[in-house]
Amino acid sequence: MDRRGQSRRNFLKCSAAALAAGAGFTAPATALSHPHPLRKLADERNLRIGPAVAYNPLVNERSYYHTVRHEFNILTPENAMKWAGTHPQQNQYTFTQADAIFNFGVAHGLAIHGHNLCWQSANPSWLTNGHFSRDQLITILQDHINTVAGRYSGSIAAWDVVNEALNGSGNLASGVWHDGLGTDYVALAFQFAREADPNALLVYNDYSIETVNAKSNGLYNMVQDFQQNGIPIDGVGFQMHIDINGINYASFAQNLQRFADLGLALFISEMDVRMPLPATDAKLAAQANVYANILAAVLNQPACYAFQTWGFTDKYSWIPGSYPGYGAALIFDENYNPKPAYDALAAELMTG
Ligand code: G3I
């Protein structure tokens with residue numbers, strides 16, 4: 001059996017156990033109290049809507065598990081499919097957490113958005129401290145993508161193939177791949193991903209590319225260059241980590257349109273809307289407005305494939321740790337109660 005066959009066999013072997021680990025919860029009242037969950041409304045609009053999902057609360061908290069299952073039709077593993085999560089040693093892969101999230105999603109009819117196959121962060125120390133040659137890094141990158149994307153090939157909707165490669169000027173930033181392998185690392189990653197999974201949408205994912213600016217211009221040029229040179233790229237993920245002041249919505253719509261005109265699938269891939277704490281009614285209303293405005297633009301753009309948030313409950317969010325004094329960025333509060341932002345998204349899906 002070849003390596004991919006072996007890895008798929010292992011995958012099937014651990015599926016049942018991983019699923020059973022999360023499937024024993026009974027539904028809490030709060031998670032089932034919305035008669036029109038977002039996923040039902042989104043299905044009716046042919047849109048995928050859903051969060052980044054973390055392993056620990058998924059397997060330990062029934063409110064977390066049931067809210068994801070009930071409310072959403074797509075998920076992204078927040079950390080479990082990153083290099084640090086799947087490839088702890090050069091010759092060792094581990095898929096316990098990635099498989100559990102993947103199997104949960106498949107079992108409940110959620111599409112899976114893989115995240116990610118090549119990034120300068122969240123890498124294991126054997127890679128960052130390894131002092132590998134260019135040829136060695138090419139082999140390492142290809143083996144990783146072949147193993148990880150190959151494992152889920154045929155069952156995953158999209159992969160963030162390369163994550164956050166550009167700096168604010170729209171040029172490639174330095175990092176382990178750029179510095180060790182050279183500027184063609186992005187193209188190589190996309191080629192390896194296509195070989196590993198011919199069916200997944202292959203996505204470039206980044207932040208601060210939502211509007212027309214130097215960084216999104218750099219990305220636009222890179223995508224055009226790829227298309228002219230036969231490098232497979234199918235989509236762009238606009239992360240959308242923003243605050244309650246919102247963004248320039250006209251520029252956002254214009255930016256989506258120019259990437260749509262390149263024939264790409266578009267993702268709002270990691271949205272959250274932070275606010276200075278404490279949350280007040282006025283800030284929550286402003287936040288709801290921002291979420292609704294972004295969703296309205298998505299619903300107006302046929303190339304948009306998914307509207308995704310980076311988490312869904314304020315109980316688990318990267319914002320307070322990275323923006324001291326800020327938080328309350330998601331659509332459910334810390335007790336899994338829907339916030340005004342949730343109601344605004346539901347209303348937009350119904351009437352927008
Ligand atoms: O799981 C370990 C734990 O065992 C250990 O004790 C602890 C000590 O620091 O670390 C834990 O791992 C942390 C992990 O999150 C899980 O909580 C890592 O240190 C921490 O670096 C990691 O941060 C993640 C970050 O990406 C880097 O991978 C965040 O959760 C995650 O939300 C964030 O997500 C990124 C996207 O991938 C890309 N776009 C931006 C977005 C937000 O930064």
Side-chain angles (χ1 to χ4, degrees), residues 50-61 64 68 74-89 94-102 112-129 144 148-149 156 158-168 173 175-178 186 189 202-210 215-216 219 235-243 247 266-275 294 306-332 334:
V53 166
Y55 174 79
N56 282 330
L58 183 70
V59 300
N60 289 316
E61 281 189 43
Y64 189 102
V68 178
I74 189 170
L75 68 75
T76 304
E78 183 175 2
N79 290 310
M81 288 185 179
K82 292 173 180 172
W83 278 67
T86 58
H87 204 163
Q89 304 295 333
T94 171
F95 291 105
T96 308
Q97 298 196 5
D99 283 355
I101 296 172
F102 175 88
I112 313 294
H113 183 155
H115 175 83
N116 57 60
L117 296 172
C118 182
W119 189 18
Q120 61 202 355
S121 300
N123 286 316
S125 56
W126 67 262
L127 176 67
T128 48
N129 299 333
H144 178 92
V148 178
I156 210 154
W159 266 110
D160 291 335
V161 176
V162 176
N163 195 49
E164 300 174 14
L166 296 171
N167 62 25
V176 60
W177 298 111
H178 175 273
V186 180
L202 304 184
V203 176
Y204 177 84
N205 185 52
D206 214 330
Y207 60 88
S208 298
I209 55 167
E210 289 79 22
K215 189 170 181 178
S216 64
L219 174 59
V236 168
F238 304 86
Q239 291 186 6
M240 199 69 72
H241 296 294
I242 60 177
D243 66 26
I247 60 172
L266 310 181
F267 297 74
I268 304 306
S269 55
E270 305 188 6
M271 186 166 178
D272 44 31
V273 183
R274 61 188 178 271
M275 64 178 70
I294 298 299
F307 179 91
Q308 299 173 272
T309 53
W310 206 242
F312 63 95
T313 165
D314 291 334
K315 186 170 184 182
Y316 300 107
S317 163
W318 71 292
I319 292 294
S322 297
Y323 292 87
Y326 281 75
L330 293 165
I331 65 172
F332 286 81
E334 297 192 349

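Start at 1 and go down the list; that is how both ligands and their atoms are numbered. One is the number of the first residue; the rest follow in order along the sequence.
Side chain to side chain, H241 and W310 fail the donor-acceptor criterion of an N or O pair below 3.5 Å.
When the side chain to side chain donor-acceptor pair (under 3.5 Å) test is applied to N116, no partner is found at least two apart in sequence or on another chain. For S208, the side chain to side chain donor-acceptor pair (under 3.5 Å) criterion is met by no residue, not counting sequence neighbours. Remark: E164 pairs with W119, Q239 by the side chain to side chain donor-acceptor pair (under 3.5 Å) rule, at least two apart or across chains.
Side-chain contact between I319 and L330 is absent, with no heavy-atom pair separated by less than 4.5 Å.
When heavy-atom distances to ligand 1 are checked against 4.0 Å, the residues falling inside are E78, N79, K82, H115, W119, A122, N163, E164, Q239, H241, E270, W310, W318, ordered by chain and number.
Taking the ring centre of F332 as origin, the terminal cationic atom of K315 falls outside the region bounded by 6.0 Å and 45° from the ring axis.
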